[in-house]
Amino acid sequence: MEKVYIAGIGQTAVGELWKRSLESLSNEAIQGALKEAGKPEVDALYAGNLLASAASSQANLGVKIATNSGLDGIETMTTEAGEASGAAALRLGYLAVRSGYVRTALVVGVEKYTDIVGSSVENVISQTMDYDFEAMQGLTPLGQAGLLMARYLDSYHPPREALGALPILAHANAINNPYAMYRRAISTDAYHKAGLVCDPLNLYDAAPYADGAAALLITSDEKLSQTAEKAPIEITASTSTIDALALHDRPDALAFSAVTISVQKALARAGVSWSEIDLFELWDAYSIFGILSVEACGLAAHGEGWRWLAEDDHSPKGRLPLVTMGGNKARGFPLGAAGVYQAVEAVQQLRGEAGANQVDGAKTAMIQAMGGPASNVITHIFSKL
Amino acid sequence: MEIPRHWRLQKQRYGLVGEICPHCSAKIFPARDVCPECGGEAKEPFRFSGKGSIYSYTVMNNAPVGFERGLPYTIALVKLDEGPTVTAQLTDLGANKVEIGMPVQMVTRRIKEDGDERGMLIYGYKFRPVMG
Ligand SMILES: [Zn+2]
């Protein structure tokens, strides 16, 4: 099997980009990734996206994106795995390149949620849940997170404000990310006073939906990896695991067991342990997801994830840095594109290009994306050569 | 808009009808083709008692299209006495303070107004506090 390298990255600023189209955002990210890799010949493009079919009435998005970027005659497919769609595109690209059937591929994550307005945004995003038995009861993804947080608070009794550690960290890190949507800090006090959106979940517990595109150029071509502008990064693990789609269909809703399986497999595949992971781009679509994730990863015992996040140092200078460029919470949450943003940010760290947020000597990074509340979990590990 | 789909799910929604596994007797809701407990084929209908308790709950302040009239509403994960957990709105709360562990009972109520011009109303299960 071939080794898979990341030879180029590109990303657009994240935000409410009313004037931009899916393909124009994608092209900006694609050109960034192609330029870094020395504009090589591309065999395939894998596009990760969640909303385009419903929000922009556009299916077969990969073809639209490739055509707009002048990539005629290549292979293309669009992946949908809920909010993990971008990570799924990366996994598909990884499998294609690793198998040897595809030599060089573009992986693009793109989202354009501002193509719809009002309450119908919730309807479209609620398609990630079990439609017949969750959405039809009036539940939304935000509501799912509220249900998890309420159960967590009742089970373990952490101080309520301690659950703000992750969003506060994300905002502090986003200040130094020029692509981030919210480049400002939030205080513990502001977190504590934020309005409830799904009691007990408040406004700062939820990552803001956003538009944006990010791209990776991946290849098995060692020569290309040498001529590229930047030193290549190797993808040393790629795993994907599911849990029941509906929260109510799980024996323990707080277990996030797909995270456990996905991470164990990824560490084994890459042949590393947690002590060798220099940074972890975890999935902070909601603060409670981050807490349950670190527990399911085995970084903290069940019921202790809030303490691990609140009391240990997870800043870029800390023992295990998290959400180093602002995470979904403060970089912004471009849904099906977010998994590719995580990959771009991990590459920035491994190359030493993360500016004020640089994790010193970062050699190995883990990134993890989720569709729904860990309904599917896709984990990748990258290593600097 | 989605009439065939609602017709298909009517029994499950009106009567909380799931299945009992003919192989291991597991009670299953919602109905599915393979028993989650033993992997056998599941097909025998089973009407749940509708009794359960609250596993978790939250208050929705923003709703998808079709649910706005009920705002704000409380939605819960209800652990049924027979085993499975369901997602459902709470209703008839009155002055009751909702708590995790609180016993509840299923009732049939209007849950959604479908968005087409005929304004189809969809009925299904909700849960209310057990009286007394
Ligand atoms: Zn069975």
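Below, chain A is the first sequence line, B the second, and so on; all start at residue 1.
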Quiz item: Is chain B contacted by the side chain of Ala246(A), its backbone, both, or neither, given a heavy-atom distance below 4.5 Å?
Solution: neither

Self-check item: Closest-packed option against chain B by number of heavy-atom pairs under 4.5 Å, given Asp199(A), Asp154(A), Val197(A), Asp132(A)
Solution: Asp132(A)

Practice problem: Using non-hydrogen atoms and a 4.5 Å limit, figure out which bit of Glu99(B) sits close to chain A: side chain, backbone, both or neither. | Solution: neither

Quiz item: Can a salt bridge be assigned to the pair Asp211(A) and Lys112(A) using a cut-off of 4.0 Å between side-chain N and carboxylate O?
Solution: yes

Quiz item: Measuring heavy-atom distances to chain A, does Ile100(B) have an atom under 4.5 Å in its side chain, in its backbone, in both, or in neither?
Solution: side chain

Practice problem: Without swapping roles, check the side chain of Arg151(A) against the backbone of Tyr55(B) for a donor-acceptor pair under 3.5 Å. | Solution: yes

Self-check item: Ile261(A), CD1 atom: more than 12 neighbouring heavy atoms under 6.0 Å
Solution: yes

Quiz item: Who pairs with Asp130(A) by salt bridge (charged side-chain N to carboxylate O under 4.0 Å, His left out), at least two apart in sequence or on another chain?
Solution: none

Quiz item: Val59(B) versus chain A, heavy atoms under 4.5 Å apart: side chain, backbone, both or neither?
Solution: both

Quiz item: So, are Lys126(B) and Asp92(B) salt-bridged, with charged N and O less than 4.0 Å apart?
Solution: no

Quiz prompt | Residues of residues 137-148 of chain A contacting chain B, heavy-atom criterion under 4.5 Å, by residue number | solution = Gln137(A), Gly138(A), Leu139(A), Thr140(A), Gly143(A), Gly146(A), Leu147(A)

Quiz item: Which bit of Tyr73(B) is near chain A, if near means a heavy-atom gap under 4.5 Å: side chain, backbone, both or neither?
Solution: side chain

Quiz item: With a 3.5 Å cut-off and no angle check, do the side chains of Asp115(A) and Ser56(A) form a donor-acceptor pair?
Solution: yes

Quiz prompt | Within residues 17-40 of chain B or reaching into it, pairs that qualify as salt bridge (Lys or Arg N to Asp or Glu O under 4.0 Å) - sequence neighbours excluded | solution = Asp249(A)-Arg32(B)

Quiz item: Under the side-chain hydrogen bond (donor to acceptor under 3.5 Å, both in side chains) test, which residues partner Gln264(A), sequence neighbours left out?
Solution: none

Quiz item: Is His248(A) reaching over with its side chain to a backbone N or O of Pro84(B), donor-acceptor style, under 3.5 angstrom?
Solution: no

Practice problem: Give, as side chain, backbone, both or neither, the part of Leu77(B) having an atom under 4.5 angstrom from any heavy atom of chain A. | Solution: both

Quiz item: Taking Ser126(A), Ala150(A), Cys198(A) one by one, which has the highest count of heavy-atom pairs under 4.5 Å against chain B?
Solution: Cys198(A)

Quiz item: Cut-off 3.5 Å, side chains only: do Gln58(A) and Ser53(A) have a donor facing an acceptor?
Solution: no

